[in-house]
There are 2 protein chains.
Amino acid sequence: MTIQEPAVARPAGRPRSEKAEKAIIEATLDLLGEGMGVSELSIEAIASRAGVGKTTIYRRWANKEDLVVDALATLKAPLPELSGTSVRDDLISLLDAMRRESAQPRSRCVMNIAMSEADRYPRLTERFVKRAITPRREAMRAVIERGIASGELNPDLDVDMGMALLSGTMLWHTKWAPEGELAPDLAERVVDVVMAGIAPRP
Amino acid sequence: MTIQEPAVARPAGRPRSEKAEKAIIEATLDLLGEGMGVSELSIEAIASRAGVGKTTIYRRWANKEDLVVDALATLKAPLPELSGTSVRDDLISLLDAMRRESAQPRSRCVMNIAMSEADRYPRLTERFVKRAITPRREAMRAVIERGIASGELNPDLDVDMGMALLSGTMLWHTKWAPEGELAPDLAERVVDVVMAGIAPRP
DNA sequence: CCGATACGCAACGGTCCCGTTTCGTAAATA
DNA sequence: TATTTACGAAACGGGACCGTTGCGTATCGG
């Protein structure tokens with residue numbers, strides 16, 4: 001008996017290039033980030049951009065959708081750390097993370113895909129939602145529920161409605177903002193007006 | 001001098017078929033409504049669906065974008081009549097119109113196009129915004145300003161922020177609602193919670 | 001060194017769509 | 001009737017990608 005091989009015995013032959021794999025995924029994200037829709041994305045364009053043969057792509061992914069799913073999965077989703085001092089501060093942190101992400105072309109286009117190509121690519125959307133949307137949704141839900149329990153929020157508030165108010169308002173700004181960046185204090189202003197409401201405070 | 005011809009003298013030859021024109025536009029809207037993006041929309045598919053030769057399309061429109069622009073322009077935008085009794089009622093009317101439109105596949109897909117293909121088709125988006133978005137935006141703006149003036153809304157309210165709150169919350173619901181229809185009283189609930197805010201009322 | 005596998009590259013046949021042209025027919029005016 | 005234009009259908013040459021294959025080279029284990 002000799003020294004153990006690594007847990008998984010490497011098959012004979014030249015190993016696959018990790019560099020090529022990364023280049024392919026980077027090229028995919030680049031093209032998507034430049035505003036290309038999934039349906040317009042071509043394997044040949046990805047291969048060309050990545051400096052790679054088509055063979056190298058087809059050897060790893062069976063179809064375009066699988067590739068895009070893997071590419072989107074590499075977009076890390078580091079949720080902002082929440083201070084936990086006040087519900088208002090935590091909500092501002094969550095919304096400000098949305099604002100910062102909306103400035104990155106890659107995140108922007110991914111959001112577009114998730115929102116408008118959901119019908120055509122259900123698997124893709126499902127995986128993206130599970131990875132990127134759900135954690136944020138649950139984080140916000142936890143903060144709101146904490147606020148209700150602590151008396152910082154209205155005890156009669158419907159949690160889903162509260163999430164729609166906060167997230168929807170931010171989404172609206174990212175979509176229809178006049179071309180430029182969003183105001184740095186946007187998250188704070190949104191949270192304050194959502195909490196106070198638009199009716200006059202007596 | 002003889003009897004006057006119709007104001008515009010009809011040129012000799014067979015006149016263009018209005019029926020074909022309508023069929024082409026209907027086919028275009030159908031295909032878009034079935035979830036097809038503008039870039040995937042092909043003239044051949046439109047011609048086939050409309051039961052028309054490609055020639056008949058190219059004779060009328062120079063390119064796909066012109067056709068889509070004309071097709072979208074036929075989607076009427078009848079703003080809801082506002083009772084004017086209270087700002088709350090008028091806001092509910094406006095938001096409920098959004099809810100009803102979001103149930104129509106054609107309107108849904110048009111919204112998708114406007115939101116996610118805006119970069120690729122600026123002319124199309126510009127015209128669509130001018131025709132469909134701006135009138136609604138201005139109607140809501142007028143209601144909010146009236147509310148501020150009458151004391152029904154907070155005098156310190158930023159009008160654009162108020163519009164983002166109301167429209168964004170509705171948009172969020174239409175996008176992420178669990179597959180089915182939206183609750184019939186959604187508009188009313190949204191307006192009430194936006195007005196009251198989510199903080200506890202003392 | 002040898003066999004095995006991956007690599008980039010180029011070429012393949014096939015499909016879809018492009019925008020144009022041709023053809024025989026239909027519908028209007030003069 | 002003669003002329004003019006529009007119509008649907010079909011075919012064209014051309015381009016973009018598809019997914020596959022063959023080629024010569026590179027890189028691994030044995």
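The distance between atom CD of A/Glu65 and atom P of D/dC18, rounded to the nearest whole Å, is 15 Å. Rounded to a whole Å, the CG atom of A/Asp66 is 12 Å from the P atom of D/dG19. Atom CG of B/Leu31 is separated from atom P of C/dC16 by 16 Å (rounded to the nearest Å).
For the side-chain hydrogen bond (donor to acceptor under 3.5 Å, both in side chains) test, no residue two or more places apart in sequence or in another chain qualifies with A/Trp176. Taking B/Arg49 as the reference, B/Glu34 meet the side-chain hydrogen bond (donor to acceptor under 3.5 Å, both in side chains) condition, with sequence neighbours excluded. Scored by the salt bridge (Lys or Arg N to Asp or Glu O under 4.0 Å) test, A/Asp192 finds A/Arg88 as partners (sequence neighbours excluded). Under the side-chain hydrogen bond (donor to acceptor under 3.5 Å, both in side chains) criterion, B/Arg14 pairs with no residue at all, not counting sequence neighbours.
Atoms CG and CD1, on B/Asn154 and B/Ile144 in that order, are 12.0 Å from each other to the nearest 0.5 Å. Interatomic distance, CG of A/Leu124 versus CD of A/Glu117, reported as 8.5 Å (0.5 Å rounding).
Listed by residue number, B/Arg16, B/Ser17 are the residues of residues 16-27 of chain B with a heavy-atom contact under 4.0 Å to DNA chain D.
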Item to check | Worked check of salt bridge (charged side-chain N to carboxylate O under 4.0 Å, His left out) between B/Arg60 and B/Asp70 | outcome: CA-CA 11 Å; B/Arg60 295 160 206 262; B/Asp70 275 9; over 6 Å; no
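The backbone N or O of B/Val38 sits less than 3.5 Å from a side-chain atom of B/Lys64, completing a donor-acceptor pair.
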Checklist outcome for this item: Nucleotide by nucleotide, nucleotides 17-29 of chain C touches protein heavy atoms under 4.0 Å in the pattern (B base, S sugar-phosphate only, - none) BBBBB----BBBS
